[in-house]
Chemist: 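The following block contains the structure, expressed as C-alpha cells.
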Amino acid sequence: MHSNHLLLEEPIRMASILEPSKSSFFPAMTKIVGTLGPTSRSVDVISGCLKAGMSVARFDFSWGDPEYHQETLENLRAAVKATKKLCAVMLDTVGAELQVVNNAEKTLQLQEDGKVILTPDHGQEASSEILPINFSGLSKAVKKGDTIFVGQYLFTGSETTSVWLEVDEVREEDVVCVIKNTATLTGSLFTLHASQVHIDLPTLSDKDKEVISTWGVKNKIDFLSLSYTRHAEDVREAREFLSKLGDLSQTHIFAKIENVEGLTHFDEILQEADGIILSRGNLGIDLPSEKVFLFQKAAVYKCNMAGKPAVVTRVVDSMTGNLRPTRAEATDVANAVLDGSDGILLGAETLRGLYPIETISIVGKICAEAEKVFNQDLYFKKTVKYVGEPMTHLESIASSAVRAAIKVKASVIICFTSSGRAARLIAKYRPTMPVLSVVIPRLKTNQLKWSFSGAFEARQSLIVRGLFPMLADPRHPAESTNATNESVLKVALDHGKASGVIKSHDRVVICQKVGDASVVKIIELED
Ligand SMILES: Nc1ncnc2c1ncn2[C@@H]1O[C@H](COP(=O)(O)OP(=O)(O)O)[C@@H](O)[C@H]1O
Ligand SMILES: C=C(OP(=O)(O)O)C(=O)O
Ligand SMILES: [K+]
Ligand SMILES: [Mg+2]
C-alpha cells in the first residue's frame, strides 16, 4: 500500500499505471461505511461485506422498524465473529426529513407538465394527483418557482425513478406543483427535498429520541449520524441527550451536512461534532451542480486540519443495479480520497443494491490506488503549518512518529492509546503506512460496578483513514510499566505478522509512554 509511492505532481510513466496493484491485507486505508438493508442483511452477505472492507455498518432509521434493524444487527454480530473483522455500528436518524405518507406503498406515475398537490397528511391516500406529506409547514416555507425533489433515495430529478417539481401555487396548507419530468415512483419510502428552504422540524425528532434511547442504548451504538444538522446547537442538543443515556455518553456524533443551511454554519458545526458526513445526496441537489466539488474540497480540508473524520456519501449510485461503476463515479471516488476523505459511505448501493459486496470491493480498490498517489509530503507540510507553534506535546510526538516512519520506510506505526487520542493524531498526519492502534483498556467504575473501557475507543477508530484498532487484553493494566509495554507490543507485532502487514526485517515505529515520557521508537525486526 505504501510501496512504490507515485506522485501525480511528477511525471508518471504511463506504463506504470498498468502495473497490477499488489494485494494487501487491508483493502484500503480509506474506510467504507455500508448501509445494511434488504439485500445486505444475511450473515453470508454481511460476512462478504466485512471481508471486502466494510468497517462501519449504518442502520438508517428513515425506514424499517427497530425489530427489523435488530435482526440485521444480530446477523452483523454473527458475521463479525465468523470473519474476525471488527465493525462499528452507526445509527442514522430521520431528523428533519420530509416524507410522502404512502402506507399502502403504492407505485405512483407522474407525468411531465402535469400537476401534483403536496398536502399535509390528513389520512388521504397517495396518488398521481396528490401526495400527502409528514409536514404541515411546507406551504409557509416555499414560494412560487421553488424546486422540490421527490424520490426513492436516489433522487436526482434527471431520471425516471424520481421527480423534479416546481412550485406553481400555494393554497392554504397545500402546495401545487408542476411536474418537470415523467417518472414512476416505486418502493417503500419517498423522501422530499425542498431546495434551499428552512424546514421547521427538529433535528432530533421524537421518534429519533425514542429509537436512540431504546435500540441505541441496547446496542451501545458507536456513532450517531445526525441527519440534517443545520446548526452547532443541533449537535450540542444531541450530545446533551446522549450524555444522559449511560454508555452512549461515549457515542461519537457525526453531523450530516445535507443542505445550504448546514454548509453556512459548517465551522461551528465542525467544532462541536466528532466527525462530518458530507451528505451529497441532499446537498448535491441543494447546491448548484457547479458548486458541489468546491464544498467537498473546502469541507474535507477543514475536517483534516481539525483532525476529525470526513465521510463522503453517494459515490457509486449506478452500482445499485450494475456490477461496474461509471467512469465519472470511479473518478469521483478517487478524487474524494485525494481530497483527504477518511471514509466513503455507501447507501442504496449496499442497502438495496444488487451487488453490495462487489460495490465495497471496487470502491476499496479505487481508494487504494488513489492513496498511492496522495501527496503526503505536501499534506504533511500544510498540516504542520496550519497547526503552528508551539504544538502540544502529543501532536508533536504524533507528527514526528509519522515523519520518522516515512523516513525509515516503516511498514506500520504501532500506537498505544487508551482514549484513542494519540492514534487519531497520528492518523491526522496521513501516514502512508497503516497505524495499528493498540487500545489498552482502563478499569473504570460508575459507582455500581467495575468495567473496562476500550471497546468504544477501538471501534470508533474504524472510521478514521489509516487506523486499524486492536483491543489489548484487559489483564494488561493501563498503567504503563516497561514489562507490560513489552508484552503488549509483542502481541501487537504478532497480530501484525499474522495479518501480513509486518514481515521479518521490517522497521516498525512505536508510539508509547514509558514512565511519564511519551516516546517514539524505531525498531527493526529479526526473523
Ligand atoms: N497504556 C499505555 N501504555 C503505554 N503508552 C500509552 C498508553 N496509553 C497511552 N499511551 C501513550 O501515551 C501518550 C498519550 O496518548 P493518549 O492517547 O492521549 O493517552 P490517553 O489514552 O491516556 O489519553 C501517547 O504517546 C500514547 O502512545
Ligand atoms: C446519505 C445521505 O442521506 P440519507 O440519510 O437520506 O441517505 C445523503 O443525503 O447523502
Ligand atoms: K436518515
Ligand atoms: Mg440525505
Side-chain angles (χ1 to χ4, degrees), residues 33 35 37 58-63 90-99 149 151-156 189-193 225-229 254 256-259 262 277-287 292 296 311-315 317 344-352 392-398 400-401 413-427 435-443 453-454 457-458 461 467 472-474 476-489 492 509-521:
V33 182
T35 309
R58 169 181 178 251
F59 295 81
D60 183 1
F61 277 81
S62 281
W63 57 271
M90 174 181 276
L91 187 163
D92 193 293
T93 60
V94 183
E97 182 168 80
L98 302 185
Q99 299 181 350
F149 295 94
Q152 187 203 14
Y153 206 85
L154 287 179
F155 45 54
T156 63
L189 169 70
F190 308 139
T191 57
L192 289 92
H193 184 93
S225 162
L226 193 61
S227 297
Y228 299 93
T229 302
F254 275 58
K256 276 169 89 187
I257 307 298
E258 311 212 48
N259 54 28
I277 298 176
L278 286 76
S279 277
R280 306 188 313 174
N282 288 84
L283 187 67
I285 52 175
D286 213 35
L287 278 176
V292 177
Q296 176 167 319
V311 178
V312 170
T313 75
R314 297 295 294 269
V315 289
D317 286 358
I344 300 288
L345 188 153
L346 302 173
E349 303 99 317
T350 51
L351 145 77
R352 63 180 163 82
T392 64
H393 292 197
L394 193 56
E395 186 137 13
S396 158
I397 291 283
S400 306
I413 300 176
I414 294 180
C415 175
F416 286 53
T417 186
S418 292
S419 66
R421 198 164 46 128
R424 259 199 305 278
L425 269 176
I426 292 178
V435 182
L436 291 186
S437 73
V438 182
V439 182
I440 319 274
R442 263 198 200 126
L443 196 55
S453 73
E457 291 82 351
S461 55
L467 278 194
D473 188 327
H476 293 297
E479 277 61 55
S480 48
T481 65
N482 258 340
T484 55
N485 266 345
E486 284 310 311
S487 65
V488 175
L489 178 60
V509 165
I510 299 147
C511 192
Q512 66 185 166
K513 219 181 237 159
V514 177
D516 278 343
S518 292
V519 297
V520 176
K521 286 198 310 205

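Just so you know, ligand 1 is whichever comes first in the structure, and atom 1 is the first atom listed for that ligand. These values consider heavy atoms only, across backbone and side chains, with no hydrogens, waters or symmetry-generated copies.
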Chemist: Among the heavy atoms of H193, does any lie under 4.0 Å from an atom of ligand 2?
Modeler: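 It does not; every heavy atom stays at 4.0 Å or beyond.
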Chemist: Is there a side-chain contact between V488 and I440 in this structure, where contact means two heavy atoms from C-beta onward sitting under 4.5 Å apart?
Modeler: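 Side-chain contact under 4.5 Å: yes.
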Chemist: Counting only heavy atoms closer than 4.0 Å, does ligand 1 sit against the backbone of L394, its side chain, both, or neither?
Modeler: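 The part of L394 near ligand 1 is the side chain, not the backbone.
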Chemist: Consider every N or O of A422 and every N or O of ligand 1, then say whether any pair is closer than 3.5 Å.
Modeler: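 Min N/O separation from ligand 1 is below 3.5 Å for A422.
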Chemist: Would you check if there is a donor-acceptor pair between the side chains of D92 and S62 at a distance under 3.5 Å?
Modeler: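 S62 vs D92: no donor-acceptor pair found between side chains.
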Chemist: Checking the N or O distance criterion of under 3.5 Å, is ligand 1 in contact with G420?
Modeler: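 No, no N or O pair falls under 3.5 Å.
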Chemist: Counting only heavy atoms, which portion of T313 has something under 4.0 Å from ligand 2: side chain, backbone, both, or neither?
Modeler: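 Side chain only.
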Chemist: Considering the heavy atoms of S518, write down every atom of ligand 1 situated less than 4.0 Å from one of them.
Modeler: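 By the 4.0 Å cutoff, the relevant atoms are 13 (C), 25 (O).
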Chemist: Answer yes or no: is there a donor N or O on one side and an acceptor on the other, between the side chain of T93 and the main chain of L226, under 3.5 Å?
Modeler: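 Side chain of T93 to backbone of L226: no pair is present.
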Chemist: Any donor and acceptor pair, going by atom type alone, linking the side chain of R280 with main-chain N or O of R314 inside 3.5 Å?
Modeler: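 It does hold such a pair.
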Chemist: Tell me the contacting part of I440 for ligand 1: side chain, backbone, both, or neither, using a 4.0 Å heavy-atom threshold, strictly below.
Modeler: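 For I440, the contact with ligand 1 is made by the side chain alone.
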Chemist: Mind checking whether S227 has an N or O less than 3.5 Å away from an N or O of ligand 2?
Modeler: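 For ligand 2, there is no N or O atom that lies under 3.5 Å from one belonging to S227.
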Chemist: Any N or O of L345 that comes nearer than 3.5 Å to an N or O of ligand 2?
Modeler: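 There is no such contact.
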Chemist: Kindly indicate whether the side chain of I277, heavy atoms from C-beta on, has any atom under 4.5 Å from the side chain of M90.
Modeler: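 The answer is yes, as the side chains (C-beta and beyond) meet within the 4.5 Å cut-off.
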Chemist: Find out whether L278 and I257 are in side-chain contact, i.e. whether some heavy atom of one side chain is under 4.5 Å from a heavy atom of the other.
Modeler: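 Not touching, per the 4.5 Å side-chain cut-off.
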Chemist: After noting the C-alpha distance and the side-chain angles of T350 and T35, does the key distance pass the side chain to side chain contact (heavy atoms under 4.5 Å, CB included) rule?
Modeler: CA-CA 6 Å; T350 51; T35 309; 4.1 Å; yes
Chemist: If we only count heavy atoms from C-beta on, is the L98 to H193 side-chain gap below 4.5 Å?
Modeler: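 In short, these two side chains do not touch, never coming nearer than 4.5 Å.
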Chemist: Is there a side-chain contact between L189 and Q99 (heavy atoms, below 4.5 Å)?
Modeler: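 Result yes, sub-4.5 Å side-chain heavy-atom pair found.
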Chemist: Can you tell me if E457 has a non-hydrogen atom under 4.0 Å from ligand 1?
Modeler: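 Not so, E457 does not reach ligand 1.
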Chemist: Assess whether side chain to side chain contact (heavy atoms under 4.5 Å, CB included) is satisfied between V520 and V509, documenting all intermediate values.
Modeler: CA-CA 7 Å; V520 176; V509 165; 3.7 Å; yes
Chemist: What atoms in ligand 2 come closer than 4.0 Å to a heavy atom of G281?
Modeler: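 Checking each atom against G281, I get 8 (C), 9 (O), 10 (O).
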Chemist: Looking at K521 and E486, is any side-chain nitrogen of the basic one under 4.0 Å from a carboxylate oxygen of the acidic one?
Modeler: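 Salt bridge flag = yes for K521 with E486.
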Chemist: Show which atoms of ligand 2 fall inside a sub-4.0 Å distance from at least one heavy-atom site of R314.
Modeler: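 Selected atoms, number and element: 10 (O).
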Chemist: May I ask you to list the protein N, O or S atoms found at less than 2.8 Å from the Mg ion (ligand 4)?
Modeler: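 N, O, S partners closer than 2.8 Å: E258 OE1, N282 OD1.
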Chemist: Does a side-chain heavy-atom distance below 4.5 Å link F416 with K513?
Modeler: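 Not in contact.
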Chemist: For R280, which part has a heavy atom under 4.0 Å from ligand 2: side chain, backbone, both, or neither?
Modeler: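 It is the backbone that touches ligand 2; the side chain stays farther off.
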Chemist: What atoms of ligand 1 come closer than 4.0 angstrom to any heavy atom of N485?
Modeler: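 Near N485, the atoms of ligand 1 are 3 (N), 4 (C).
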Chemist: Could you tell me the separation between the CZ atom of R424 and the OG atom of S419, rounded to the nearest 0.5 Å?
Modeler: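 Atom-to-atom, R424:CZ and S419:OG are 7.0 Å apart.
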Chemist: Which of the atoms of ligand 1 are close to R442, meaning less than 4.0 Å from one of its heavy atoms?
Modeler: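 Listed by number with element, the hits are 20 (P), 21 (O), 22 (O).
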Chemist: Would I397 count as being in polar contact with ligand 1, using the rule that some N or O on each side must be under 3.5 angstrom apart?
Modeler: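 By distance alone, the answer is no.
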Chemist: Do the side chains of V315 and E349 get nearer than 4.5 Å, heavy atoms only?
Modeler: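 E349 reaches V315 side chain to side chain.
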